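Accompanying notes for the structure given below.
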Amino acid sequence: MITVQMKTPKGMRDILPPDGELWRKTENILALIARLYGYREIRTPILEYSFLFRKGLGDSSDVVEKEMYEFEDKDGSYLTLRPEGTAPVVRSYIEHGMKSFPWVRVFYIGPMFRREKPQKGRYRQFHQFGIELFGVSGPHGDAEAMVMLYRVMKMFGVSGYMSYNNIGCPVCRPKYIEALRKEIERYWDDIPEQYHEKINRNPMRFFDIKDEKVAVLFDKMPTIEEFLCDECQTHKQGLETLLAKLGMPYEKNIRLVRGFDYYTRTVFEYIGEGLGAKSAVAGGGRYDYLMESYGGPSVPGVGFGLGIERLLMVAKMPERIVYEPYAEVMVVYTKKDFMDNAFILAESLRDRFIAAEVDLRGTSLKSQMKAASKRGYKYVLILGDDEVEKGMVTLRDMNTGQQEMYKQMEIADIILERGSS
RNA sequence: GUGAGCGUAGCUCAGUUGGAAGAGCGCCGGACUGUGGAUCCGGUGGUCGGGGGUUCAAGUCCCCUCGCUCACCCCA
């Protein structure tokens, strides 16, 4: 006879009052920040066909290897409780033909499941907030994800730092992996056997091993930087100059790798203080080939996921907060050179809780106006030669068609005045 | 689980007695070299759910199968 225990399963827990309210508040703030960047909410099922994660996350990931809650359904199909949020969103993008949108910005909040050994800040059912941006191949997309994550950390008063790396692409990474594999082999006997299989599956996971015996070898290894192809180099440079322009602090970590195979080029993590060694609050990166690896269209993506349990461990809840943006605008540019200006102006508006979306594809003004109209923006801010030269910006009312130039420094106040009336 | 109906482009659908896969909307571009919605023009987009069969020829007929919707059953 089985004794029914009045107890949550291992690694799972109840959220009791008053924490329930704390969670709701936290989720609302996260949703607000996402909306400040023009991200809209998506909800996908908690169960997906196992194929989705096996194919997407890759065989070398520990998650797929040994942590998935997977079972055979009564009809013989295999289902998995989602261990992460990106693959389901990509599945949804393909299934619903979202390629017909010029770009897609979505965020999600919900439970994820991994059958790990529970520890502090590590549960079998945990909760993630995440964002995905599809359709932007340039470094501005990466910058947006990183800047948004940084804003979340500022908003919640989390001290820590952004760790960042570029891990190359299918063109250049294989060459690096070969060189790395060769070098690792020279020290093969010094590496405890328990790690051998992991390294064989994906040599880059070597840097993920948290073991003194292995860590001392890190410095002897070649770095990905020397192997990056021209395209990855350009992308990396573009991102780094943009982050510098934005004044966003980060620490380059040439050994940062992530647990999923789908990442290309940019990867990043936010390491929070007080979470113990190498415990990231959030992490993400670019995944330009995940979509087509599923047989979908060739659409680039970038995003991050954030552990809410971990966030709550290190967060100081903001006292006063709004849950809706005060206004929503789209910032457009007359030529690609001004995309940085638009990006930076939008960032400053978000400080004032004005949602500001930017078309990061670098397309024509006409195309951006069309997108703004389609998305229902009441106000569009235009940056062109005249405006940039004078430090001004044109405010266009999309309903009346009237437009006027204002100082960039004053534009937030003007939008707030207009928006509230 | 039982029964019925429906599966054709991203969406809504048309497709005649079996005879060259279409329309509207959307998306991209142009007319309009810094301006959306209107109009016109061009372009993109399809394993006709999948497999098998009949036939010179199948989106169309037959068989199997998968999926979706609705009703019933059950249920938050």
Side-chain angles (χ1 to χ4, degrees), chain A residues 14 38 40 42-52 72-79 88-106 110-111 132-138 141 290-301 327-343 345-346 355-408 411 414-415 418:
Chain A
D14 300 317
R40 310 292 302 276
I42 184 170
R43 299 192 188 201
T44 62
I46 288 170
L47 282 174
E48 296 276 358
Y49 288 117
S50 296
F51 163 84
L52 185 71
E72 187 180 357
D73 200 1
K74 287 175 181 170
D75 63 3
S77 58
Y78 284 89
L79 300 175
V89 174
V90 169
R91 192 266 308 139
S92 180
Y93 182 102
I94 297 168
E95 179 172 346
H96 297 106
M98 296 189 207
K99 194 183 186 307
S100 66
F101 298 111
W103 72 85
V104 170
R105 285 182 164 103
V106 287
E132 313 293 346
L133 165 59
F134 298 106
V136 176
S137 57
L290 179 56
M291 195 82 75
E292 54 191 284
S293 81
Y294 286 129
S298 172
V299 173
E328 293 180 308
V329 301
M330 185 150 154
V331 185
V332 304
Y333 43 88
T334 59
K335 56 184 188 191
K336 208 173 175 177
D337 293 349
F338 296 145
M339 195 156 65
D340 284 8
N341 302 68
F343 194 113
L345 180 62
E357 186 163 17
V358 183
D359 183 341
L360 297 178
R361 296 171 305 162
T363 52
S364 67
L365 176 60
K366 187 192 180 80
S367 171
Q368 297 173 66
M369 292 298 291
K370 207 170 164 184
S373 174
K374 189 93 21 178
R375 292 186 163 226
Y377 283 106
K378 191 178 169 199
Y379 295 114
V380 168
L381 299 180
I382 304 166
L383 287 169
D385 289 292
D386 285 358
E387 290 87 348
V388 169
E389 200 176 306
K390 299 176 192 156
M392 301 189 73
V393 62
T394 296
L395 173 67
R396 178 182 177 87
D397 184 319
M398 295 295 271
N399 295 334
T400 66
Q402 289 182 336
Q403 51 188 60
E404 204 169 338
M405 265 205 237
Y406 297 97
K407 287 183 181 147
Q408 287 181 26
I411 193 66
I414 287 156
I415 292 166
R418 289 215 190 182

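Here is the naming used below: chain letters follow the sequence lines, and residue numbers restart at 1 for every chain. No experiment lies behind these values; they were computed from the predicted model shown.
When the C1' atom is compared between B:G5 and B:C74, the two are found 22 Å apart, to the nearest whole Å. B:G51 sits 49 Å from B:A38 when the C1' atoms are compared, rounded to a whole Å. Across the C1' atoms, B:G52 and B:A71 are found 32 Å apart, a figure rounded to whole Å. The same atom, P, is picked in B:U65 and in B:G59; the two are 22 Å apart, to the nearest Å. With both ends at atom C1', the span from B:C73 to B:U2 equals 8 Å, rounded to whole Å. A gap of 14 Å separates the C1' atoms of B:U44 and B:G30, to the nearest Å. Atom name C1', nucleotides B:C64 and B:C27: the rounded distance is 38 Å, in whole Å. For the C1' atom pair drawn from B:G36 and B:A4, the interatomic distance equals 47 Å after rounding to whole Å.
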Original post:
Reading nucleotides 29-37 of chain B from the 5' end, what letters show protein touch, with B for base, S for backbone sugar-phosphate only, - for no heavy atom under 4.0 Å?
Top reply: ---B-BBBB
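Note on residues 355-374 of chain A: pairs passing salt bridge (Lys or Arg N to Asp or Glu O under 4.0 Å), not counting sequence neighbours, are A:R105-A:E357, A:E357-A:R375, A:D359-A:R361.
Listed by chain and residue number, nothing satisfies the salt bridge (charged side-chain N to carboxylate O under 4.0 Å, His left out) test with A:K336 (two or more places apart in sequence, or in another chain). Residues satisfying the salt bridge (charged side-chain N to carboxylate O under 4.0 Å, His left out) test with A:D397, not counting sequence neighbours, are none. Not counting sequence neighbours, the partners of A:R43 by the salt bridge (charged side-chain N to carboxylate O under 4.0 Å, His left out) test are A:E41. The salt bridge (charged side-chain N to carboxylate O under 4.0 Å, His left out) search around A:E328 returns A:R35, not counting sequence neighbours. Take A:D386 and apply the side-chain hydrogen bond (donor to acceptor under 3.5 Å, both in side chains) test, not counting sequence neighbours, and it matches no residue.
If A:Y49 and A:G97 are placed on RNA chain B by their nearest nucleotide, the residue sitting closer to the 5' end is A:G97.
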Can you give each donor-acceptor pair under 3.5 Å made by side-chain atoms of residues 89-98 of chain A, sequence neighbours left out, with the distance rounded to 0.1 Å?
{"residue": "A:R91", "atom": "NE", "partner": "A:E48", "partner atom": "OE1", "Å": "3.1"}
{"residue": "A:R91", "atom": "NH1", "partner": "A:E95", "partner atom": "OE1", "Å": "3.0"}
{"residue": "A:R91", "atom": "NH2", "partner": "A:E48", "partner atom": "OE2", "Å": "2.7"}
{"residue": "A:S92", "atom": "OG", "partner": "A:H96", "partner atom": "ND1", "Å": "3.4"}
{"residue": "A:H96", "atom": "ND1", "partner": "A:S92", "partner atom": "O", "Å": "3.0"}

Subject >> Strand RNA chain B in bracket notation, Watson-Crick/G-U under 3.5 Å with | for pairs to another chain >> reply: (((((((..((((.....[..)))).(((((.......))))).....(((((..]....))))))))))))....
Subject >> side-chain contact (heavy atoms from CB on, under 4.5 Å) between A:V332 and A:L383, intermediate numbers included >> reply: CA-CA 6 Å; A:V332 304; A:L383 287 169; over 6 Å; no
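Rounding to the nearest 0.5 Å gives a distance of 8.0 Å between CD of A:E72 and OG of A:S77.
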